[in-house]
Every structure is written in structure tokens, then in C-alpha cells.
Q: 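Below is a structure I'd like to ask you about.
Throughout, numbering of the chain's residues begins at 1 and tracks the sequence. In what follows, every heavy atom counts, from backbone to side chain, and hydrogens, waters and symmetry copies are set aside.
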Amino acid sequence: MSKSTLSVRIPEDKHKYLRFKALHSGQQLQHLVTEIIDHYQQDDAEYMAKFKTLINPEAETEEKNNVT
């Protein structure tokens with residue numbers, strides 16, 4: 001999977017939380033943010049219904065191939 005840069009402004013207290021969490025857990029900040037987004041994405045029913053095939057076109061192909 002290719003990677004791209006995400007530049008966003010967040011409140012300082014959220015930034016501190018992410019830095020401390022990454023340091024305490026021994027993870028890189030990039031990995032921690034990806035993990036948080038993955039977790040949010042799994043629980044986002046609206047995302048699953050509307051955007052999954054737009055972001056991951058292979059998912060639609062896999063679903064069609066699994067139908068018998």
C-alpha cells in the first residue's frame with residue numbers, strides 16, 4: 001500500500017495525547033494515527049455503505065466473486 005502525507009491542524013491537547021501515546025506504546029506516530037483511523041473506519045457504518053468501493057475498488061470485485 002502506498003503512503004501519502006496528511007497535514008491537518010488539531011488542538012494542542014490532542015497532539016500531545018498522540019505524541020505521549022506513541023511514546024508510551026513504543027509506536028511511531030504515523031502507525032498510531034493509522035491504527036486510530038482504521039478503528040474509526042471499522043465502526044463507521046455510513047463509510048462502509050457509501051465509500052468502501054470508491055476507496056478500495058477491489059472490495060467490490062471480491063464481493064461479486066464471492067456470490068454464488
Q: Roughly how far, to the nearest 0.5 Å, is CG of L32 from CZ of R19?
A: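 So the CZ of R19 and the CG of L32 are separated by 12.5 Å.
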
Q: I would like to know whether E35 and Q27 meet side-chain contact (heavy atoms from CB on, under 4.5 Å); could you show each step before the answer?
A: CA-CA 10 Å; E35 191 175 276; Q27 297 178 350; 3.5 Å; yes

Q: Check whether any side-chain heavy atom of L23 lies under 4.5 Å from a side-chain heavy atom of L29, and answer yes or no.
A: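 SC-SC contact between L23 and L29 ruled out.
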
Q: Is it the case that more than 12 heavy atoms not belonging to E46 sit under 6.0 Å from its CD atom?
A: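 Not more than 12 within 6.0 Å, no.
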
Q: To the nearest 0.5 Å, tell me how far F20 CZ sits from H15 NE2.
A: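 Rounded to the nearest 0.5 Å, the CZ-NE2 separation comes to 10.5 Å.
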
Q: With the 4.5 Å side-chain cut-off for hydrophobic clustering, are V8 and I36 part of the same group?
A: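 Yes, V8 and I36 fall within the same hydrophobic cluster.
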
Q: Output the distance between atom CD (Q30) and atom NZ (K3), rounded to the nearest 0.5 Å.
A: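 Q30 atom CD to K3 atom NZ measures 4.5 Å (nearest 0.5 Å).
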
Q: From T34 OG1 over to L6 CG, what is the distance, rounded to the nearest 0.5 angstrom?
A: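 Nearest 0.5 Å value for the OG1-CG distance: 9.0 Å.
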
